[in-house]
Each structure stands twice: as structure tokens, then as C-alpha cells.
Amino acid sequence: MITTFLVLVILFFIFLWSIAWIKYYNRLDKRFGKSLWRWSFDYPVVGNRDISIIDDKKFVLLRRKRNRAITAMYFIVFFFFFILLSFVTQLLYFILT
């Protein structure tokens with residue numbers, strides 16, 4: 001139970017680190033906005049013209065880096081959820097026995 005708690009604390013700090021990277025990428029270009037949870041589209045969307053790598057290479061490469069950081073953040077959140085379920089199960093087992 002203690003090791004699970006320590007893993008949760010470590011994952012929380014890794015989550016904060018990933019959020020800091022997303023905020024950093026958001027500050028580099030105003031076109032990203034302030035969203036932490038939303039991917040930028042890099043594919044054709046009906047009604048919107050996407051900026052291709054031919055139009056603005058630096059922005060597209062930065063957007064792809066930001067999208068990878070958001071994907072890593074989602075992975076951390078889901079992994080945190082599974083570890084949290086394990087922790088709660090261990091805690092309930094400890095309380096009820």
C-alpha cells in the first residue's frame with residue numbers, strides 16, 4: 001500500500017511536469033490558445049482549412065510536439081487512474097480486514 005501511494009505521488013509530479021510542457025508550447029504560439037486537454041488537428045476537417053507543413057513548417061512541427069505532449073499527459077492520467085483503483089482496493093482491504 002505504501003509503494004502504491006509513492007507511485008501515485010510520483011505520477012502526480014510527472015503529470016505536473018507534462019502540464020508545464022503543454023503550457024510552454026502554448027506560450028510559444030498564440031494560435032494554440034490556452035487549452036491543456038485538446039489536440040490541434042493536423043488532418044483535414046470539414047469546413048476548416050488546416051495549416052499544412054508547406055504553409056508554416058515551424059508551427060506544424062511545434063503543433064506535433066505539443067500533440068505528443070498532450071498524448072503523454074493522457075497516458076499519465078489513465079495510468080494514474082489504474083494505480084488509484086489499486087490503491088483504493090488495497091485501502092479497503094486493509095480497513096475491512
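Reckoned from all heavy atoms, side chains included, excluding hydrogens, waters and symmetry mates.
By the side chain to side chain contact (heavy atoms under 4.5 Å, CB included) test, Tyr74 pairs with Trp37, Trp39, Ile70, Phe78, sequence neighbours left out. Considering only residues two or more places apart in sequence or on other chains, Leu16 meets the side chain to side chain contact (heavy atoms under 4.5 Å, CB included) condition with Phe12, Phe13. In this structure Leu28 satisfies the side chain to side chain contact (heavy atoms under 4.5 Å, CB included) test together with Tyr24, Tyr25, Leu62, sequence neighbours excluded. With sequence neighbours excluded, no residue forms a side-chain hydrogen bond (donor to acceptor under 3.5 Å, both in side chains) with Thr89.
The minimum heavy-atom distance linking Met1 with Gln90 is given by the pair CA-OE1, 3.1 Å.
Listed by first and then second residue, the side-chain hydrogen bond (donor to acceptor under 3.5 Å, both in side chains) pairs that reach into residues 6-22 come to none, sequence neighbours excluded. Listed by first and then second residue, the salt bridge (Lys or Arg N to Asp or Glu O under 4.0 Å) pairs involving residues 14-30 are Asp29-Arg31 (not counting sequence neighbours).
To the nearest 0.5 Å, atoms CG (Asn26) and CZ (Arg66) are separated by 4.5 Å. Taking CG from Leu84 and CG from Leu91, the interatomic distance works out to 10.0 Å, rounded to the nearest 0.5 Å. Interatomic distance, Ile10 CD1 to Phe80 CZ, rounded to the nearest 0.5 Å: 11.5 Å. Distance CZ/Phe59 to CZ/Phe32: 4.5 Å, rounded to 0.5 Å. The distance from atom CD1 of Ile22 to atom OG of Ser35, rounded to the nearest 0.5 Å, is 8.5 Å. Taken to the nearest 0.5 Å, the OG1 atom of Thr4 stands 11.0 Å off from the CG atom of Leu11.
Clustering ILVMFWY residues whenever any of their side-chain heavy atoms sit less than 4.5 angstrom apart, transitively, puts Phe87 in a cluster other than the one holding Ile2. In the hydrophobic clustering of ILVMFWY residues, with side-chain heavy atoms under 4.5 Å counting as a link, Leu8 and Leu6 come out apart. No path of Ile, Leu, Val, Met, Phe, Trp and Tyr side chains, each step under 4.5 Å between heavy atoms, connects Phe75 with Ile19, placing them in separate hydrophobic clusters.
Within the hydrophobic cluster formed by Ile, Leu, Val, Met, Phe, Trp and Tyr side chains joined at under 4.5 Å, directly or through other members, Leu96 stands alone, with no partner residue. In this structure, Phe82 shares a hydrophobic cluster with Phe81, Leu85, the cluster being traced through Ile, Leu, Val, Met, Phe, Trp and Tyr side chains under 4.5 angstrom apart.
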